[in-house]
Student: 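Sharing a structure below in structure tokens format, with a few things to ask.
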2 protein chains.
Amino acid sequence: MTSHAEIERVAFRLFAEKGFVGTTLDDIAQAAGIGRRTLLRYYRSKNDIPWGQFDDTLDEFRNTLHTFDDRPLHEAVHLAVIEFNRFPAEAMAEHRVRMRLILTTPELQAHSVLRYADWRQVIAEYVAERTGSDPSALLPQTASQVALSLSMAGYGEWLSNDDTELSTVLEQALRTLHGYLEV
Amino acid sequence: MTSHAEIERVAFRLFAEKGFVGTTLDDIAQAAGIGRRTLLRYYRSKNDIPWGQFDDTLDEFRNTLHTFDDRPLHEAVHLAVIEFNRFPAEAMAEHRVRMRLILTTPELQAHSVLRYADWRQVIAEYVAERTGSDPSALLPQTASQVALSLSMAGYGEWLSNDDTELSTVLEQALRTLHGYLEV
DNA sequence: CACAATAATGGCACTCAGGGTCAAAATGGA
DNA sequence: TCCATTTTGACCCTGAGTGCCATTATTGTG
């Protein structure tokens with residue numbers, strides 16, 4: 001019996017050994033004891049393997065946003081982003097490995113915008129709903145783009161300091177933006 | 001004699017006819033009267049073809065930034081971004097086609113982060129220089145990420161309204177961010 | 001003008017990602 | 001146990017991208 005968890009365990013081991021590019025789908029399939037064709041049914045592409053079940057978390061993200069309906073809009077988004085990036089302590093080590101791979105491998109960096117497009121859409125829809133506008137309008141799009149850019153800046157900082165907290169750097173990124181825009 | 005301009009003219013015609021994905025490198029090479037191998041020496045990849053000589057514009061961008069050394073930091077970046085996106089009136093139609101292709105084709109959307117990485121780096125280095133910090137520090141990274149996110153939001157708006165000015169929407173995007181963060 | 005050095009070209013063969021098709025195998029009721 | 005429905009993986013194909021190398025410009029020099 002094969003599972004996503006098992007495949008990812010095997011894949012990450014190979015990525016660590018031979019690098020993402022240096023690992024072929026055949027390598028992963030063989031190491032996982034399944035056919036290459038089957039592997040590509042579990043994941044839409046090689047680039048999607050490191051993302052695991054990311055899409056499944058978006059529903060929860062949507063709910064989290066509505067948790068903050070009573071807060072000012074920008075604050076609601078900010079708090080929800082922080083909440084989205086909260087993981088149990090024992091999962092942080094794995095999350096670091098995963099995100100370091102994604103954010104340092106050019107192929108995966110590129111692919112990430114496609115995965116984050118849905119994430120941004122969740123924010124855009126929330127902002128649109130609260131402002132009575134269309135998700136494609138300038139405010140929802142700007143808010144979601146900026147939310148992503150702050151997350152990226154935060155993650156970069158987080159990955160370069162092993163002893164920082166994700167929630168802390170995301171907070172710092174927002175404060176940094178405030179300082180940058182006002183001074 | 002083949003030139004980048006000639007190749008791109010041929011390529012964009014084919015992209016318009018058969019779509020980006022539906023056009024093969026063989027199609028382009030054949031239509032341009034060159035070998036596929038040669039085409040891949042002119043452009044690092046199929047994804048790079050729509051970008052033309054983008055990298056060459058970065059030196060000018062760097063200079064433009066220093067034009068605004070006497071302005072507040074965030075203003076200097078903002079003005080330079082607008083200046084970077086100024087094109088002669090007769091070039092705007094082509095620029096629209098180019099950017100619409102890039103921003104609506106998933107493969108090219110993904111690839112764009114790799115191309116924009118160098119653009120962001122120019123901003124990060126400028127901000128680092130003016131604040132006496134490292135380009136990889138949080139402020140330079142945040143500033144460059146946000147500058148890109150505002151540009152993306154602006155371009156989205158620009159592409160959806162044929163009669164808007166690029167400089168206008170970029171201005172609007174920044175004002176929208178201010179409004180979003182303060183209200 | 002001729003000739004040598006250097007650069008550009010494109011043909012060939014190869015690896016790898018990804019997708020379509022289909023028969024075999026596993027699964028899960030009735 | 002038998003039938004129906006997924007799941008699997010083997011096979012084959014296309015297309016991007018790379019290394020290698022012989023051929024063909026191009027350019028500089030006498």
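Computed from a predicted structure; not experimentally measured. A, B, ... follow the sequence lines: proteins, then strands. Residue 1 opens every chain.
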Student: Measure CD/Gln30(A) against P/dG9(D) and give the value in whole Å, please.
Tutor: 13 Å
Student: Could you tell me whether Glu75(B) atom CD has more than 12 heavy atoms of other residues or ligands within 6.0 Å of it?
Tutor: yes
Student: Taking CG from Leu25(A) and P from dT8(D), how many angstroms apart are they, rounded to a whole number?
Tutor: 16 Å
Student: Just the rounded figure in Å: distance from C1' of dA24(C) to CD1 of Ile34(A).
Tutor: 17 Å
Student: On a heavy-atom basis, which atom in Arg130(B) and which in Asp69(B) lie closest, and how many Å separate them?
Tutor: NH1-O, 3.3 Å
Student: By a strict heavy-atom criterion of less than 4.0 Å, which residues belonging to residues 37-55 of chain B are in contact with DNA chain D?
Tutor: Arg37(B), Leu40(B), Arg41(B), Arg44(B), Ser45(B), Lys46(B)
Student: In the single-linkage hydrophobic clustering (I, L, V, M, F, W, Y; side-chain heavy atoms under 4.5 Å), do Tyr116(A) and Leu114(A) co-cluster?
Tutor: no
Student: Phe20(B) CZ to dA16(D) C1': how many Å, rounded?
Tutor: 11 Å
Student: Calculate the interatomic distance between Glu107(A) atom CD and dA16(D) atom C1'; express it in whole Å.
Tutor: 13 Å
Student: Could you tell me how far apart Asp26(B) (CG) and dG11(C) (P) are, to the nearest whole angstrom?
Tutor: 10 Å
Student: Starting from Phe84(A), can I reach Leu79(A) by hopping between I/L/V/M/F/W/Y residues whose side chains sit under 4.5 Å apart?
Tutor: no
Student: Atom CZ of Arg36(A) and atom P of dG9(D): how far apart are they, to the nearest Å?
Tutor: 13 Å
Student: With a 4.5 Å heavy-atom cut-off, do Val81(B) and Trp119(B) have their side chains touching?
Tutor: yes
Student: Between Gln172(B) and Leu138(A), which heavy-atom pair has the shortest distance, and what is it?
Tutor: CB-CD2, 3.6 Å
